[in-house]
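A short write-up of the structure that comes next.
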Amino acid sequence: MVLSVAVAGATGYAGGEALRILAEHPDFEVTCVAGHSSSGDRFFKHAPHIPSLGDLIVEDTTPDVLNGHDVIVLALPHGASGALAAELDPEAIVIDLGADHRLENKTAWDEYYGGQYYSNWVYGLPELIVGQNSDGTYRYQQAALRSAKRIAGPGCNVTAVTLAIQPGIAEGFIEGDIVADLAVGYSGAGKNLKKTFLLGSEAMGSATAYSVGGTHRHIPEIMQNLAHASGLSASESYRFSVGFTPMLVPMSRGILATVSAALTDKGLDASDEQIRSAWQKAYEKTDFITLLPEDMLPATNSVSGSNSAHVQVAVDRKSRRLYAFAAIDNLNRGTAGQAVESLNIALGKDEQTGLTSIGVAP
């Protein structure tokens, strides 16, 4: 059975990437694209790289336009999807690529976002560790996604940091004081024209940090994920602190995360092989997460255009710290790709359907 799909925010980067993937998905048919300033335009004007959807006309982003479809994708700025979602068909599967339904803690929302708080939806990171079973195997978020009707897509930076470091948290090899430095492609800053973000003459040959000093809105979401990886509830995320510095670098898409933390006594007593085995255990049965051989480090061009994440772990005994790395495509694995992966799981399909683990290097 082919399901109809409507995408709001269709002419933005996240919405466009979702449509690029959905256009080739065998079980979905995109029948509606919605926007705001682009309303009334032929979609080809905004996405000539998706010719199969080019004849669709961009419609207004209203409940009446979106309702009547089996699947609704919201690729809207934070604060825009929460109120809209309340008016959508409860029988439709809705996935929000924005922030409105990610956080489980209202206090965290008030501090980092402000405005109306909307209750959290099922979190759309299937490979998130959410505890361990009595036999030591991991439990994953994938189970909660089965048959879900409302799904909150994670932040792209959050995805990279979480996938890089969560096995060390789950096994107790590292302390809860995390430092994460990220190199981020310019599409991660959105499509709004800003001199320091999107003008080529300002961006090419330059790298610049942004949202520094603990102000980035992805920080509480990272803390929430780390709490779950250690088997705690979101209300206990205060046990973790995250020093987070994203840097825009001159590439269109991609994130390279370097995440470190001090080793616990358990981590200091463990061998490098025992520590590495935590990452092997975490990802050996996943379809899209690859622990690289010990002599390789992740690179963004290896995963560009794919739903893959490449991870690596290294131990610095001199500084008594653990370093973990992850490379993802921020628009695919970090946003639209894992949204489709989550939709596949919610609908009982093979999670790989319509997705690729093959990058487009160089």
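A quick note: this is a predicted structure, and the numbers were derived from the prediction, not measured.
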- prompt: Is the number of heavy atoms from other residues, nucleotides or ligands within 6.0 Å of NZ (Lys149) greater than 12?
  reply: yes
task: Would you give the length of the straight line joining atom NE2 of His101 to atom OH of Tyr117, rounded to the nearest 0.5 angstrom?
output: 9.0 Å
field: Lys/Arg-Asp/Glu bridge criterion (N-O < 4.0 Å) met for Arg239, Glu236
entry: yes
Nearest-0.5 Å distance, CD1 of residue Ile174 to NZ of residue Lys266: 11.5 Å
query: What are the two closest non-hydrogen atoms of Gln166 and Leu163, and how far apart are they?
result: NE2-CD2, 4.0 Å
message: Please give me the minimum heavy-atom distance between Ser206 and Pro250, naming the atom from each residue.
response: O-CD, 3.1 Å
- prompt: What's the shortest heavy-atom distance between Pro298 and Leu292, and which atoms?
  reply: N-CD1, 3.5 Å
Pair Asp272 + Arg317, salt bridge at N-O below 4.0 Å: yes
field: Salt-bridge present (Arg253, Asp329; N to O < 4.0 Å)
entry: yes
field: Co-membership, hydrophobic cluster, residues Ile151 and Ile345, 4.5 Å side-chain
entry: yes
- prompt: Charged N to carboxylate O below 4.0 Å: is that the case for Lys106 and Asp110?
  reply: yes
statement: Output for pair (Ile93 CD1, Leu3 CG), nearest 0.5 Å, gives 7.0 Å
message: Is it the case that the side chain of Thr62 and the backbone of Val65 share a donor-acceptor pair, with hydrogens and angles ignored and the cut-off at 3.5 Å?
response: yes
message: More than 12 heavy atoms of other residues, nucleotides or ligands under 6.0 Å from CZ of Arg42: yes or no?
response: yes
task: For residues Phe244 and His216, report the shortest heavy-atom separation together with the two atoms involved.
output: CE2-CG, 3.4 Å
message: Strictly distance-based, threshold 3.5 Å: is any side-chain N or O of Asn133 a donor or acceptor partner for the main-chain N or O of Gly136?
response: no
field: Side chain to side chain, Phe44 and Ile50, heavy atoms closer than 4.5 Å
entry: no
query: Can you find a pair of side-chain heavy atoms, one from Ile255 and one from Cys156, that are under 4.5 Å apart?
result: yes
message: Any salt bridge linking Arg333 with Glu127? Criterion: basic side-chain nitrogen under 4.0 Å from a carboxylate oxygen.
response: yes
statement: Minimal heavy-atom distance between Ala346 and Ala148, with the atoms involved, is CB-O, 3.7 Å
task: Tell me, with the steps shown, if Leu84 and Leu66 meet side chain to side chain contact (heavy atoms under 4.5 Å, CB included).
output: CA-CA 10 Å; Leu84 178 63; Leu66 300 175; 3.8 Å; yes
- prompt: Do the side-chain N and O atoms of Ser39 and Glu59 include a donor-acceptor pair separated by under 3.5 angstrom?
  reply: no
message: Determine whether Phe240 and Ile169 satisfy the following criterion, side chain to side chain contact (heavy atoms under 4.5 Å, CB included), listing intermediate values before the conclusion.
response: CA-CA 10 Å; Phe240 298 87; Ile169 292 289; 3.7 Å; yes
message: Are Tyr138 and Ile275 linked, directly or through intermediate hydrophobic residues, by side-chain heavy-atom contacts shorter than 4.5 Å (ILVMFWY only)?
response: no
task: Using modelled atom types only, decide if a donor and an acceptor are shared between the side chain of Glu111 and the backbone of Ala108 within a distance under 3.5 Å.
output: no
field: side chain to side chain contact (heavy atoms under 4.5 Å, CB included) evaluation trace for Ile165 with Leu322
entry: CA-CA 9 Å; Ile165 203 67; Leu322 180 147; 3.8 Å; yes
- request: Measure the OG1-CD distance between Thr290 and Gln312 for me, rounded to the nearest 0.5 Å.
  value: 11.5 Å
- request: Any chance you could measure Thr286, atom OG1, to Glu351, atom CD, to the nearest 0.5 Å?
  value: 8.0 Å
- prompt: Checking side chain to side chain contact (heavy atoms under 4.5 Å, CB included) for the pair Leu53/Leu19: CA distance, chi angles, key distance, verdict?
  reply: CA-CA 8 Å; Leu53 303 180; Leu19 286 162; 3.9 Å; yes
Could you tabulate the donor-acceptor pairs under 3.5 Å formed by side-chain atoms of residues 118-126, not counting sequence neighbours?
from, atom 1, to, atom 2, distance (Å)
Tyr118, OH, Ala83, N, 3.4
Tyr123, OH, Glu221, OE2, 2.5
Tyr123, OH, Asn225, ND2, 3.1

- prompt: With side chains defined as the heavy atoms from C-beta onward, is the minimum distance between Arg150 and Ile95 less than 4.5 Å?
  reply: no
- prompt: For the residue pair Gly82 and Asp100, what are the closest heavy atoms and their distance?
  reply: N-OD2, 2.8 Å
NE2-OG1 distance between His69 and Thr31, expressed to the nearest 0.5 angstrom: 3.5 Å
- prompt: Is a donor on one side and an acceptor on the other found under 3.5 Å between the side chain of Ser230 and the backbone of Ala227?
  reply: yes
